[in-house]
Amino acid sequence: MKSIYDVVIRPIITEQSMEQGDIKKYAFEVAPDATKIDIKKAVEGIFGVKVEKVTTINYDGKVKRMGRYPEGSRKSWKKAVVKLTKDSKTIEFFEGMA
């Protein structure tokens with residue numbers, strides 16, 4: 001059994017994700033095998049908030065080259081956008097970023 005800290009890897013801090021903080025939507029990079037239920041429980045457990053909805057997106061790693069022959073790829077990862085309920089408090093981690 002994974003702990004809740006293994007499910008949420010890091011928050012995603014971009015201009016778009018900061019604008020969505022006003023409507024209580026927050027973006028996180030999560031474990032590739034995490035389900036929406038796992039993500040909901042992890043965010044509620046770590047930040048002490050109520051989650052209304054979770055949407056997930058899988059990103060495939062891009063193929064990149066360094067020079068002529070050594071071809072490699074970036075890692076594949078999973079993004080989750082979490083929407084909080086209206087009566088829930090905000091996540092303080094994102095407060096001073098905007």
Please answer: with hydrophobic residues joined when any side-chain heavy atoms are less than 4.5 Å apart, are I37 and Y26 in the same cluster? no
Report the C-alpha separation of E29 and K75 in whole Å, then their side-chain angles, then the decisive distance to 0.1 Å, and conclude whether the salt bridge (Lys or Arg N to Asp or Glu O under 4.0 Å) test is met. CA-CA 12 Å; E29 180 182 345; K75 69 173 187 168; 3.2 Å; yes
Would you give the length of the straight line joining atom CZ of R74 to atom NZ of K64, rounded to the nearest 0.5 angstrom? 4.5 Å
In terms of heavy-atom contacts, V49 and E44 come closest through O-CG, 3.1 Å
Nearest heavy-atom pair of A31 and D6: which atoms, and what distance? CB-O, 3.8 Å
Output for pair (R10 CZ, F28 CZ), nearest 0.5 Å, gives 11.5 Å
Walk me through whether T85 and V51 qualify under side chain to side chain contact (heavy atoms under 4.5 Å, CB included). CA-CA 6 Å; T85 59; V51 175; over 6 Å; no
For K50, is there any backbone N or O sitting under 3.5 Å from a side-chain donor or acceptor partner on S88? yes
Find the distance between CG (L84) and CZ (F47) and round it off to the nearest 0.5 Å. 10.0 Å
Report yes or no: does S17 contribute a side-chain atom to a donor-acceptor pair with the main-chain N or O of A27 at less than 3.5 Å? no
Closest heavy-atom pair and its distance - I4, A42: O-CB, 3.7 Å
How long is the straight-line distance from NZ of K25 back to CD of E19, given to the nearest 0.5 Å? 12.5 Å
Greater than 12 external heavy atoms within 6.0 Å of K41's NZ: no
Sequence neighbours excluded and cut-off under 3.5 Å, please list the side-chain donor-acceptor pairs for residues 53-60, or say none.
{"from": "T55", "atom 1": "OG1", "to": "V81", "atom 2": "O", "distance (Å)": "3.4"}

Distance (rounded to the nearest 0.5 Å) between K79 NZ and I9 CD1: 14.0 Å
Between CD1 of I23 and NZ of K86, what distance do you get to the nearest 0.5 Å? 11.0 Å
Check side chain to side chain donor-acceptor pair (under 3.5 Å) between D33 and all other residues, then give those that pass, not counting sequence neighbours. K2
